[in-house]
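Encoded as structure tokens, the structure appears first; notes follow it.
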Amino acid sequence: MRTDPTELDRGDPLAAYRDRFVGAETPLVYFDGNSLGRPLRVTGDRLKSFVEQEWGGRLIRGWDEGWLDLPARIGDDLGRICLGAGPGQTIVGDSTTVLLYKAMRTAVAARPGRTEIVVDRDNFPTDRYVAQGVADECGLSVRWIDVDTTAGVTAELLRAAVGEQTALVVLSHVAYRSAYLADVPALTRIAHDAGALVLWDLCHSAGSVPVHLDDWDVDLAVGCTYKYLNGGPGSPAFVYARKRLHDRLAQPIQGWMGHRDPFLMGPSYAPAPGIRRMLSGTPPIVGMLALQDMLALLEEAGIEAVRAKSVGLTDYAVEIAGELLVERGVTLASPRESARRGGHVALEHPLMREVTAALWERDVIPDYRDPHGLRIGLSPLSTSFAEVRRGLETVRDMLDALTG
Ligand SMILES: *Cc1c(COP(=O)(O)O)cnc(C)c1O
């Protein structure tokens, strides 16, 4: 039995949102919205008016007229719309990598006497490299968790890795390779029971999978805004820190923007109260413009509805892979059960590197991840079911062409 994608699109309550994105009218198949989301059409107007009015017209007065507050204001919006975080706990700042560094250093400083940072071997490279760097710098060691690369960190694996030596556990909510969706509240509880803090990387969940940081009792979280939050290439990341930790947060890049009174220009550093102390230098205002349009759209659509469509899209991709690709030797490298799967689907075949190159030439744009993995990213508000069908039919055709 095959499902007709036109029927699925007709029954999709969010289908109309697709037209709000630049390029949606073209036949190109975009399977990489989980690496760089498409721009919204309204963002073009926002950028133009920013140059002409806010920047060009207000000039340096802009800092007093909203720019200085923008990191915290967007942080609160993010918290409310997609992170389940009350106000005053999220702020937009540097890149994900830099915020991971700041958050990890902050966390280990808050757990003196403990000697280990726990990370899984399949976590995103930057998370692993920064954890190792922080461990080296602070005289700690990394305890690595080995995971099944088609899945991720389970409660059992984490329980075996933590103990009274653990300062910090660093995990991703959605695994960048397999899309495995970690059980945040359960894993957070295990870290807490061992007396450790936990830092969640939300890069592949923010804007696609509902997050409930306050309810899940998360200590720290970091995520980027250019994937499912469509902030554009290099748009700044966000950091969340739970209110009860704020007084003890001592991050390592003590810049003037995280100072209690930046314009006092005083002789020594005194951290700002609250989440603002996670800032370091001048906020990247231009980089925060596009993100605001996507947040408005997500609020309009509702994150639960976005997740429902995301599950529909990934379920459909799994179904078509079963229908067209499995008999050609392709295997599913993501959880089959949607409750354990984020917003993308990984498919493996020995020829996937060559298939990916051939797809890009035909305007079908997925991602390739070693070893042999085709990553089908399905951005819920800009992807249609017909697009999924068309893209995976092209994967089949490319496989057939390459295997002759
Ligand atoms: C995309 C991604 C990053 C990116 O870090 P940058 O500093 O923005 O390059 C980090 N962690 C994870 C899990 C990611 O998916």
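Indexing begins at 1, ligand by ligand and atom by atom, following the structure's order. Keep in mind the model is a prediction, meaning the values are calculated, not measured.
Proximity of a side-chain donor or acceptor of R18 to a complementary backbone N or O of A15 within less than 3.5 Å is not detected. Using modelled atom types, no side-chain atom of T96 and backbone atom of A237 make a donor-acceptor pair closer than 3.5 Å. A donor-acceptor pair under 3.5 Å links the side-chain atoms of D9 to the main chain of A386, judged by distance alone.
Within the listing of ligand 1, atoms 2 (C), 3 (C), 10 (C), 11 (N), 12 (C), 13 (C), 14 (C), 15 (O) sit less than 4.0 angstrom from a heavy atom of C203. Near Y226, meaning under 4.0 Å from any of its heavy atoms, are these atoms of ligand 1: 1 (C), 4 (C), 5 (O), 6 (P), 8 (O), 9 (O). Close approach of ligand 1 to S95 is summarised as follows: ligand atoms under 4.0 Å from at least one heavy atom of the residue are 7 (O). Annotation for ligand 1: atoms under 4.0 Å from non-hydrogen atoms of D201 are 10 (C), 11 (N), 12 (C), 13 (C).
With atom 2 (C) of ligand 1 as the reference point, the heavy atom nearest to it among H173, H204, K227, R128 is part of K227.
Ranking the protein heavy atoms by distance from atom 3 (C) of ligand 1 puts F124 CE2, 3.5 Å first. T96 CB, 3.4 Å is the protein heavy atom nearest to atom 5 (O) of ligand 1.
Under 3.5 Å, the side chains of T166 and R111 contain no donor-acceptor pair of N or O atoms. Side-chain atoms of S280 and K102 form a donor-acceptor pair, as typed in the model, at a separation below 3.5 Å. A donor atom on one side chain and an acceptor atom on the other are found under 3.5 Å apart for S172 and N123. Using a 3.5 Å distance cut-off with no hydrogens or angles, the side chains of Y368 and E354 do not pair a donor with an acceptor.
Contact annotation for T126 and ligand 1: only side-chain heavy atoms (C-beta onward) come within less than 4.0 Å of the ligand. For D127, every heavy-atom contact with ligand 1 shorter than 4.0 Å involves the side chain, none the backbone. At a heavy-atom distance under 4.0 Å, atoms from both the backbone and the side chain of T97 approach ligand 1.
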